[in-house]
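Report on the structure given below.
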There are 2 protein chains.
Amino acid sequence: MARTAAERLQHEASQGSCAHAVRQEEKAARALAQAEAICRAHGVRLTPIRRKVLETLYTTHKPLGAYDLAEALEPGGRRIAPITVYRALDFLIEQGLAHRLASQNAYIATFQGDSSHEATAFLICEECGGVDEVTSSALTETMANLLNAEGFRAHTKVLEVTGRCAHCQDAH
Amino acid sequence: MARTAAERLQHEASQGSCAHAVRQEEKAARALAQAEAICRAHGVRLTPIRRKVLETLYTTHKPLGAYDLAEALEPGGRRIAPITVYRALDFLIEQGLAHRLASQNAYIATFQGDSSHEATAFLICEECGGVDEVTSSALTETMANLLNAEGFRAHTKVLEVTGRCAHCQDAH
DNA sequence: CTCGCAAAAGTTATTTCATTGCAAAAACCT
DNA sequence: AGGTTTTTGCAATGAAATAACTTTTGCGAG
């Protein structure tokens, strides 16, 4: 199966300088501001816990398990129960700010405002743990055609590819 | 999250007459014979347990959890530990005979011989629980193009769509 | 045939992920 | 402030997957 939470965290620590992690701080700040705007527009509340969860996801930009997040939020505050993290994640996913990677039992922040009618694929690097979020009109169309041909009315699309990102291939 | 094992089983029981279930017995018999041939060709053993797991998946053609399978295999024999089922599933998946639906934490038999370079999408009906396995050259190409453009070397592709199948839409 | 090896299955326990049910607190709205 | 809704806290449990180790089985070489 997917790697364990502990492995994921260690992985992250040892690979912090991978291209995927570069500039995430700046992007995170902007994305967070945008998330606040979105929540205001939706008339929902980005509470401290939700905000902290989202921020953690943004700054790592690597898939984190719910228990990883609980651990990451602990320092400086009190111990956070898993259910609290799950509730925050549910909220963020509902608002299109986060995404569950089914193949990893892990969660990630979305940088592109989840245009829900589009097909978005997640490319998960097995080496550096980084995730790229890609959409293309070709993919969206192809999926739409496929579903139409089958008469299938889609509710949720899970498009996840694991493998090796370009950067990690270069690095052998 | 995905429905629990118990719900899944009850679901199956109450929806046994859905179109997805029709004719599965005949197909299952043929598929099983073919599976035996494949294993012989690969020089691996389709042991009784593995065979029974595969058969159960074939005859339901609905996603089953590992614990569902353990339960399903029990009657007539002795209690089977989860790990045994997981080992059988690992084997079947390795041989391209079964597939894990990551979004459901469940497993299903594959009818099309896993041509591993092709992109295969799984359409999962939320109403009847049936799963359709679809491939198209367009999908395969689109995915290949997308991955090429990103310089991403794919290892495993997870394409799962949940929604409503044509039959269940007709039935309102 | 039987010895010995490797593959498979058994056993028991544990880890990881996710949810349930109910109580307390904080935010919002007059 | 009073009442409502939303959010969070807390304890326990359920569900999925794996770990470590032993026993059994299949099968080829001597």
Side-chain angles (χ1 to χ4, degrees), chain A residues 1-11 36 39-40 42-54 57 63-74 77-95 98-108, chain B residues 1-11 36 39-40 42-54 63-74 77-95 97-108:
Chain A
M1 233 230 80
R3 56 167 54 110
T4 67
E7 284 170 335
R8 218 152 34 214
L9 281 175
Q10 174 166 10
H11 203 73
E36 272 171 358
C39 287
R40 231 174 293 126
H42 289 194
V44 295
R45 291 190 288 154
L46 188 63
T47 65
I49 287 183
R50 291 167 178 174
R51 200 190 134 93
K52 202 78 175 58
V53 168
L54 184 59
L57 290 176
L64 292 177
Y67 283 70
D68 295 342
L69 282 163
E71 198 176 321
L73 301 202
E74 188 168 354
R78 119 155 62 104
R79 174 118 196 88
I80 290 166
I83 183 66
T84 301
V85 177
Y86 281 109
R87 287 196 278 229
L89 286 169
D90 285 347
F91 170 87
L92 295 172
I93 290 168
E94 245 169 52
Q95 304 304 320
H99 179 84
R100 177 179 141 89
L101 290 175
S103 62
Q104 316 285 110
N105 288 335
Y107 303 83
I108 189 172
Chain B
M1 234 234 83
R3 58 170 52 110
T4 67
E7 283 171 336
R8 217 150 36 212
L9 282 175
Q10 173 167 9
H11 203 74
E36 273 171 358
C39 287
R40 231 174 294 126
H42 289 193
V44 294
R45 291 190 290 151
L46 188 62
T47 64
I49 286 184
R50 292 168 176 174
R51 199 189 135 94
K52 201 76 175 56
V53 167
L54 185 57
L64 291 177
Y67 285 70
D68 295 344
L69 282 163
E71 198 178 320
L73 300 202
E74 187 167 353
R78 124 156 56 108
R79 175 116 195 89
I80 291 167
I83 185 68
T84 301
V85 177
Y86 280 108
R87 286 196 277 229
L89 286 169
D90 285 347
F91 170 86
L92 295 172
I93 290 168
E94 244 169 52
Q95 304 303 319
L97 298 169
H99 180 84
R100 175 179 142 88
L101 290 175
S103 63
Q104 317 284 110
N105 288 335
Y107 303 81
I108 188 172

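Chain letters run A, B, ... following the sequence lines, proteins first and then strands; every chain starts at 1. Everything numeric here is computed off the predicted structure, so don't read it as measured data.
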Measure the distance from [atom1] on [X] to [atom2] on [N] and round it to the nearest whole Å.
X      : N      : atom1 : atom2 : result
A:I93  : C:dA18 : CD1   : P     : 10 Å
B:I83  : C:dT11 : CD1   : P     : 13 Å
A:Q95  : D:dT6  : CD    : P     : 13 Å
B:L69  : D:dA15 : CG    : C1'   : 15 Å
B:Q104 : D:dA15 : CD    : C1'   : 15 Å
A:D90  : C:dT19 : CG    : P     : 7 Å
A:E94  : D:dT6  : CD    : C1'   : 13 Å
B:K52  : C:dA9  : NZ    : P     : 14 Å

Can you give me the closest heavy-atom contact between [X] and [Y], atom names plus distance?
X     : Y      : answer
B:V53 : B:L89  : CG1-CD2, 4.0 Å
B:G65 : B:A106 : N-CB, 4.2 Å
A:V85 : A:A66  : CG1-O, 3.5 Å
A:K52 : A:L73  : CG-CD2, 3.7 Å

Name the closest nucleotide to the [X] side chain, picking from [options].
X      : options                : answer
A:N105 : C:dC17, C:dC22, D:dC21 : C:dC17
A:Y86  : D:dT18, C:dA18, C:dT11 : C:dA18
B:I49  : D:dT8, C:dG10, D:dA17  : C:dG10
A:R45  : C:dA27, C:dT12, D:dC10 : C:dA27
B:R78  : C:dG10, D:dT6, C:dC22  : C:dG10

Comparing B:P82 with B:P48, nearest DNA chain C nucleotide closer to 5' gives the residue B:P48
Give a yes or no on whether a donor-acceptor pair under 3.5 Å exists between the nucleobase atoms of C:dG10, that is its base, and the side chain of B:R87. yes
Is there a donor and acceptor pair closer than 3.5 Å between the side chain of A:Y67 and the base of C:dA18? yes
Is the shortest side-chain N/O distance from [X] to OP1 or OP2 of [N] below 4.0 Å?
X      : N      : value
B:T84  : C:dG10 : yes
B:T47  : D:dT25 : no
B:Y107 : D:dA17 : yes

Close side-chain approach of A:V44 to A:F91, heavy-atom, < 4.5 Å: yes
